[in-house]
Asker: 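Provided herewith is a single structure, encoded as structure tokens, for subsequent inquiry.
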Amino acid sequence: MKIADGIEMLELKMNMMGRESIIYPTFMWDDNTSVLVDAGLPISLPDIKSAMEDACVPFEKLDKIIITHQDIDHIGGIKNILDELCDVEVLAHEEEKPYIQGEKKFVRLNSSFMDRINYLPEEEQEKVLDMFKNAPVEVNRTLTDSEWLACCGGIVIIHTPGHTPGHICLYHKNSKTMIAGDAMNVFEGQLIGTNVQLLSEEDAKTALNSLKKFEEYDIENVITYHGGLFNNSPNHRIKEFNNKEA
Ligand SMILES: [Zn+2]
């Protein structure tokens, strides 16, 4: 779906642990650079290619993959892209780098996750664990809070810890779009914060705190990775849920 000139919200089908859903990576480009934000699962490659073609940008022109955070549905597709395009640069927040490179254990691979996958048939369990095992890739460049990337009309990196330690959101200046990753979500048509059910009490608190950072930006569109687009006065809605939590 076209958000504005040079920014497209992709819609990819995903099947994770027997549950079908849609995920929404973002694609941004200008004459010199094209950037994919989050890369889906290993099976996402054909869909990413065709979405880029629909936006009239050949897949071979992809320069950068910016990863909002380490979760498998965001990084699982990187390796397949790099197998075809070895020059693509992978960028992520400095705190997320050791997880994405496989030097630290993914935060989601905790005991409650293992309990959940125990219910799956053995073959499915293996598939899920293999996906985690195969996911690590090298991060070529790290990003910091408030960093400005001059490409694609200007992108601001916003460190929004909570969901994971190095979670980032990206603000695309030209289109006033906040690419929220998993820091925000859309539920029954309404913009909400991150899903705190997955998090410890402390991480949930950190995640709620991170939401305050969005108030500094003039936002017309929010792209959430699991809920898609929200463009119904996001600034107003963000203030509303921040005041409620305060
Ligand atoms: Zn996530």
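Every number for a ligand or one of its atoms is a count from 1 in the order of the listing.
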Asker: Tracing side-chain links under 4.5 Å among I, L, V, M, F, W and Y, which residues wind up in one group with Tyr119?
Answerer: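 Listed partners: none, Tyr119 stands alone.
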Asker: Parallel, tilted or perpendicular: which one describes the rings of Phe132 and Phe113, with boundaries at 30° and 60°?
Answerer: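 The rings of Phe132 and Phe113 stand perpendicular, inter-plane angle above 60°.
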Asker: Can you establish whether the number of heavy atoms outside Glu202 located under 6.0 Å from its atom CD is more than 12?
Answerer: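 Counting neighbours around CD of Glu202, 12 or fewer heavy atoms of other residues, nucleotides or ligands fall under 6.0 Å, so no.
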Asker: Please, which pairs that meet salt bridge (charged side-chain N to carboxylate O under 4.0 Å, His left out) have at least one residue in residues 116-126, sequence neighbours excluded?
Answerer: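 Qualifying pairs: Glu124-Lys127.
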Asker: Using 2.8 Å as the cut-off, count the protein N, O or S atoms closer than that to the Zn ion (ligand 1).
Answerer: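 Near the Zn ion (ligand 1), the number of protein N, O or S atoms below 2.8 Å is 4.
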Asker: Given Asp54 and Phe27, is the side chain to side chain contact (heavy atoms under 4.5 Å, CB included) satisfied, shown in steps?
Answerer: CA-CA 11 Å; Asp54 289 347; Phe27 178 57; over 6 Å; no
Asker: Donor-acceptor pairs are to be reported for all side-chain atoms of residues 146-159 against protein atoms at under 3.5 Å, with residues two or more places apart or in another chain.
Answerer:
| from | atom 1 | to | atom 2 | distance (Å) |
| --- | --- | --- | --- | --- |
| Glu147 | OE1 | Thr144 | N | 2.9 |
| Glu147 | OE1 | Thr144 | OG1 | 3.2 |
| His159 | NE2 | Pro165 | O | 2.8 |

